[in-house]
2 protein chains.
Amino acid sequence: MASHVRSSPSAIDGPAEDARDPRVRILSAAGQEFAEHGYEAATVRDICTAAGVNVAAVNYYFGDKRRLYIESVRHAHEERLRQVPQPEWPSDTSSAKKLHDFIDNMLERMLGAGQPPWQVRLMMREVLQPTEACRELVEDYIRPHFALLVSILDELAAGALSQAELRRVGMSIVGQCFVYRAAGEVVCMLVPQGEIESLHTPKPLADHITRYALAALGVAAPITAFPSSASSSGRDVVS
Amino acid sequence: MASHVRSSPSAIDGPAEDARDPRVRILSAAGQEFAEHGYEAATVRDICTAAGVNVAAVNYYFGDKRRLYIESVRHAHEERLRQVPQPEWPSDTSSAKKLHDFIDNMLERMLGAGQPPWQVRLMMREVLQPTEACRELVEDYIRPHFALLVSILDELAAGALSQAELRRVGMSIVGQCFVYRAAGEVVCMLVPQGEIESLHTPKPLADHITRYALAALGVAAPITAFPSSASSSGRDVVS
DNA sequence: AATCGATTGAAACAGTCGTTTGAATCCGCT
DNA sequence: AGCGGATTCAAACGACTGTTTCAATCGATT
């Protein structure tokens with residue numbers, strides 16, 4: 001047993017975690033290995049080598065591989081929450097702009113700048129095949145974001161849709177972003193190369209998904225009504 | 001070496017594959033194990049036990065685990081193609097109805113009737129983290145379906161959108177279906193229980209996604225314009 | 001019946017996995 | 001300086017993994 005080790009140094013050290021603390025070094029290395037290879041394929045030996053500690057350390061600090069995994073998922077989404085706070089707008093911001101900003105922000109977090117950081121890939125694994133670490137991830141990270149999206153849609157629909165319908169529309173929007181991250185490699189095989197770079201990167205995609213949603217909700221003109229790439233309809237509703 | 005074994009009995013036996021053929025028994029058992037646990041976590045011992053053959057059989061018939069996996073993915077999508085042929089419509093069918101049927105069919109294949117058959121889950125794994133078996137899966141199975149969707153959208157937009165824009169809209173539709181299969185368990189955590197059963201099952205979802213698309217394309221009224229669950233707008237465009 | 005290639009079977013291979021051990025080392029304390 | 005708990009280390013454990021071996025068995029052909 002390693003019960004004599006203090007259970008959570010980060011809780012008392014505060015946000016300025018010492019990178020020389022072997023506990024956070026292991027958590028970081030574990031997160032990257034789990035994100036890259038998945039729980040089964042990642043090995044504690046590789047994790048410890050990457051963290052520069054002995055194999056016995058994971059048992060000493062975390063008990064076993066399963067508990068290390070759960071802690072590393074928690075560590076990942078906590079760090080992610082600190083890095084990317086929920087957006088805030090001046091009170092007179094139009095709801096259409098809020099929607100565009102929200103979608104742009106979500107896409108940027110999911111796809112932004114080449115390979116997304118390992119935290120996102122680890123969380124994505126939990127979404128695709130949940131383990132016991134999933135519930136906490138949903139409550140702390142995903143549900144607040146989804147609730148914000150639904151509230152924006154509520155504002156946008158001006159009471160015309162029930163909460164249930166708003167959730168359904170919200171899921172449609174999330175799905176359109178989600179597919180590019182989860183099935184990105186297949187998307188690249190279905191769409192010509194140049195088109196990927198010009199139309200399926202975060203910025204143009206945010207424009208498209210926003211326009212698609214605004215048109216479906218009747219807030220803007222249908223996407224067939226104007227030429228092509230611009231994010232706005234006749235009146236410039238989003239900027 | 002096991003080079004003396006005939007390479008593909010199913011090719012000469014025709015569609016009526018003998019279930020007592022150890023080769024297809026192994027392929028079927030392997031597909032289910034790989035679909036359930038993934039490539040790494042599935043063991044050749046479990047596969048052989050499930051297939052009722054000796055462990056040496058996989059080496060005798062397929063060489064090694066990697067080649068067995070590739071063959072089992074091929075076997076899965078070939079069987080799936082035979083089970084679910086592409087829909088065909090009378091030439092006077094409205095393109096709105098075609099879109100609704102297509103979406104309904106895709107959702108039924110992905111989500112239909114509780115746990116989807118193992119073939120779908122195996123293919124989904126290939127989409128989420130492609131291996132060398134992915135390209136063939138895309139060319140034989142996914143690309144034809146996506147091309148059909150794009151052609152329906154082309155008809156619907158009546159030339160108002162370029163091929164690139166049609167692909168982008170197609171990806172939006174696929175994404176809305178995809179999220180329910182790939183992230184289904186998280187969806188269940190975000191949406192109240194009763195709502196799942198009433199609004200997030202294939203039929204109501206197909207109605208919603210179709211209506212969302214038709215409204216976005218300006219073919220039907222915005223989804224805020226009419227009360228709630230019905231799949232049609234004022235004129236009954238889809239039936 | 002005898003023969004010979006195709007197929008199956010039980011057992012063992014070498015390697016890697018997560019985990020444990022027990023001694024060695026570090027570091028704050030009196 | 002010297003004590004004592006906290007931490008690190010190399011080494012080994014037993015349980016698995018994919019793969020191979022080689023003798024036993026099968027089934028059609030002569």
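The sequence lines fix the lettering, A, B, ..., with proteins before strands; numbering per chain opens at 1.
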Visitor: Restricting to pairs with a member in residues 53-67 of chain B, which pass salt bridge (charged side-chain N to carboxylate O under 4.0 Å, His left out), not counting sequence neighbours?
Guide: B:D64-B:R67, B:R66-B:E132

Visitor: Listing request: all side-chain hydrogen bond (donor to acceptor under 3.5 Å, both in side chains) pairs with a residue in residues 45-54 of chain A, at least two apart in sequence or in separate chains.
Guide: A:T43-A:D46

Visitor: Between B:R23 (CZ) and C:dT8 (C1'), how many Å, whole number?
Guide: 17 Å

Visitor: Hey, could you give me each pair passing side-chain hydrogen bond (donor to acceptor under 3.5 Å, both in side chains) that has a residue in residues 184-193 of chain A? Not counting sequence neighbours.
Guide: A:Q193-A:E197

Visitor: Let's see if you get this right: which residues in residues 46-56 of chain A place a heavy atom under 4.0 Å from DNA chain D?
Guide: A:N54, A:V55, A:A56

Visitor: Please state whether the phosphate of C:dT8, meaning OP1 or OP2, lies under 4.0 angstrom from any side-chain nitrogen or oxygen of B:Y61.
Guide: yes

Visitor: Can you measure A:L68 atom CG to C:dC17 atom P for me and round it to whole angstrom units?
Guide: 15 Å

Visitor: For A:Y60 and D:dA10, give me the distance from atom OH to atom P, rounded to whole Å.
Guide: 17 Å

Visitor: Quick one: list whatever passes salt bridge (charged side-chain N to carboxylate O under 4.0 Å, His left out) with B:R135, sequence neighbours left out.
Guide: none

Visitor: Can you see which heavy atom on A:D140 is nearest to which on A:P144, and at what distance?
Guide: O-CG, 3.5 Å

Visitor: Please give, in whole Å, the distance from D:dG18 P to B:D64 CG?
Guide: 11 Å

Visitor: side-chain hydrogen bond (donor to acceptor under 3.5 Å, both in side chains) with A:R109: which residues, sequence neighbours excluded?
Guide: A:N105, A:Y141, A:H145

Visitor: In chain order, what residues pass the side chain to side chain contact (heavy atoms under 4.5 Å, CB included) check against B:A147, with sequence neighbours excluded?
Guide: none

Visitor: Could you list the residues that satisfy side-chain hydrogen bond (donor to acceptor under 3.5 Å, both in side chains) with B:Q176, not counting sequence neighbours?
Guide: A:S172

Visitor: Quick one, which residues of residues 26-45 of chain A touch DNA chain C with a heavy atom under 4.0 Å?
Guide: A:A42, A:T43, A:V44, A:R45

Visitor: Nearest to the side chain of B:N59, heavy atoms from C-beta on, is which of C:dT19, D:dT19, C:dT8?
Guide: D:dT19

